[in-house]
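Order of the sequence lines sets the chain letters (A, B, ...), proteins ahead of strands, with each chain counted from 1.
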Amino acid sequence: MRTADERVWAGVLWASVFLGLAAVWMALQYAPGEPHMGLAQRILYVHVPAAVAALLAFATVFLASIAYLRAGRPCWDHLAAAAAELGIVFSAVVLVTGPIWARPIWGAFWRWEPRLTSMLLLFATYVAYLMIRRYGSHPSQMRRTAAVFGIVAFANIPLVYYSVRLWAAGQQLHPQRVDLCQQMRVALGVATAAFVLLFFLLLHLDVRLRLFDDALAELEDDSSLNQTTKVEPGDGI
Amino acid sequence: MTGWWSTVMAILARDVLSEWRTRERLGPMAFLVLLTLLVFSFAFGGEGGAGTHTGPGVLWSSFVLASLFGFAWSFVEERENGCLEALLLAPIDRGALYVAKMLGNLLFLVGVQVLALPVFAVLFNVEPGWHLLLLVPVCALGAAPLSAVGTLFAALASDQRARELVLPLLLLPLMMPVLITAVAATRAVLGAGEVRDCAHLLAMLAVFWLVFAAVSLMLIDVVFDR
């Protein structure tokens, strides 16, 4: 018998599968091709939704870090860690699909273009976040350090964007305004919804797994405590 | 508020006096900057015209590396002699403690910059002129956001097991906007960019400082909550 919570998440799973399949069909069949870019333009339906999901993940790290510092409950820390991992995965998708699109359009896999460079810096920042979690000392200290970093890193995002835009002003190659037709907009919306749902689903599963890990560690601690304090008959006590 | 500032000034004066007596921080930081300038000079083949192009990047990279050492030292020393615990036990505002340490770090970093700039000018063949005076606000406003965020993370990393690794991991990704803007401002002053852009860049550095200092002040109670 499923609980109400499980039924909701099963619904999210099926919705994300349905939207994902619909997005693939829309990106390849429903949306018309772009006359100048050709087939490469269709990478937009992965690139942009992945960027949206990555930014959503980084915002989640920020909010969960604030919640952890206020409430001190480990579940908020788990949420921040899981969101950071997913943010790294989605930003890696952006960083891989960007150059694949750029090769035929810009003539090079990589240009130090403001938005791509900003995403690279965000990727590096959140990889550092995970490394801090890995190399921190005591768990509570590590969690506090990671939470502070998660907050400052999010406050840093607009600074990164503006400074990179200034640094690479001559390299501004991203389309600043894209006129998409109705079908393209619908396809992009469906793909974005699929990525966002996938993000929430993976986030839920990751946090649940971390909570199970905690419960298991607690049980192991209890059982080792019982073993060490167990008194056998004839021990002379 | 007067009491708050007198606390800041008392801790700052103690840091300056301690440095004056021991010279444990300024000397190694300045030498680290010099060594980094030399390493980059050799790495770029000692090109004569490198002053305006690669020079600003090299200069700020050396400041960032030296600041990592300086920020870490500002708390490691305090921890080792138990002074930080005593300061945290004292009935003083932790924001005042943070501001004092931040101003101390800023002061020492600016001191290192003052020592390093003439050496940089010689090694990278910078054209002399009054326009170089603009480097003073550029260096000070570039060092300010570094000190703001660096002090916060140095305090956090000081009680970590692998603090030598944790501090660069914390700081380097977040220093990128400051580095980019400070290098652009230095390049503008040295003649490779537009000097009129400098005011805009200085304003950006001031905004970075305000953002980092405000966020740090909001978080400092959590950081010092041991």
Side-chain angles (χ1 to χ4, degrees), chain A residues 58 62 65-72 84 88 91 112 114 117-171, chain B residues 56-57 142 145 148-150 152-185 187-188 193-194 197 200-201 203-205 207-216 218-226:
Chain A
F58 297 145
F62 173 69
S65 299
I66 292 175
Y68 176 74
L69 290 180
R70 288 180 72 90
I88 287 169
S91 51
W112 291 96
T117 311
S118 298
M119 191 48 93
L120 179 65
L121 283 180
L122 286 186
F123 176 80
T125 303
Y126 285 90
V127 170
Y129 172 90
L130 288 188
M131 293 187 99
I132 289 156
R133 301 187 68 88
R134 171 85 177 73
Y135 294 107
S137 42
H138 190 269
S140 67
Q141 277 178 352
M142 176 275 289
R143 285 171 176 167
R144 194 182 51 183
T145 306
V148 170
F149 186 80
I151 293 168
V152 183
F154 192 74
N156 199 36
I157 290 178
L159 310 188
V160 168
Y161 181 69
Y162 281 108
S163 59
V164 169
R165 208 171 63 162
L166 169 103
W167 174 69
Q171 292 274 355
Chain B
V149 74
L152 176 81
F153 286 133
L156 257 181
S158 66
D159 55 356
Q160 299 279 333
R161 178 169 49 96
R163 58 174 170 262
E164 296 81 6
L165 178 67
V166 169
L167 185 59
L169 280 178
L170 287 164
L171 268 184
L172 290 179
L174 299 179
M175 280 183 175
M176 295 301 175
V178 180
L179 189 72
I180 289 168
T181 314
V183 168
R187 192 169 285 147
E194 295 288 328
D197 291 343
H200 171 63
L201 296 168
M204 271 178 77
L205 287 171
V207 170
F208 290 174
W209 184 21
L210 286 177
V211 170
F212 283 140
V215 174
S216 302
M218 277 187 251
L219 293 170
I220 202 67
D221 278 338
V222 178
V223 171
F224 283 140
D225 186 18
R226 283 150 197 266

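- The shortest non-hydrogen separation linking B/A148 to B/F212 is CB-CB, 3.9 Å.
- Contacts from residues 118-127 of chain A to chain B, taken as heavy-atom pairs separated by less than 4.5 Å, involve A/L121, A/T125 in sequence order.
- Nearest heavy atom pair, residue A/S65 against residue A/A147, reads CB-O, 3.4 Å.
- Side-chain atoms of B/F208 and B/V149, non-hydrogen and from C-beta on, never get closer than 4.5 Å to each other.
- By number of non-hydrogen pairs under 4.5 angstrom with chain A, the leading residue of B/P173, B/A157, B/S216 is B/P173.
- Contacts of B/L219 with chain A are made by side-chain atoms alone, with heavy-atom separations under 4.5 Å and no backbone atom involved.
- For A/A155 against A/P158, the heavy-atom pair with the smallest separation is O-CD, 3.4 Å.
- The distance from the CG atom of B/L156 to the CG atom of B/L170 is 6.5 Å, given to the nearest 0.5 Å.
- Neither the backbone nor the side chain of B/L172 comes within less than 4.5 Å of any heavy atom in chain A.
- The heavy-atom pair separating A/Y129 from A/A146 by the smallest distance is CE1-O, 3.1 Å.
- Nearest heavy atom pair, residue A/N156 against residue B/P177, reads OD1-CG, 3.5 Å.
- For B/L165, the part lying near chain A is the side chain, with the backbone staying farther off; criterion is any non-hydrogen pair under 4.5 Å.
- Two residues are said to be in side-chain contact when any heavy atoms from C-beta on lie closer than 4.5 Å; B/V223 and B/F153 fail this criterion.
- Across every non-hydrogen atom of A/R144 and B/V222, the tightest pair is CD-O, 3.3 Å.
- Interface remark: A/L69 contributes side-chain atoms only to the contact with chain B (heavy atom separation under 4.5 Å).
- Per-residue heavy-atom pair counts under 4.5 Å with chain A were compared for B/L174, B/L152, B/V166, and the maximum is reached by B/L174.
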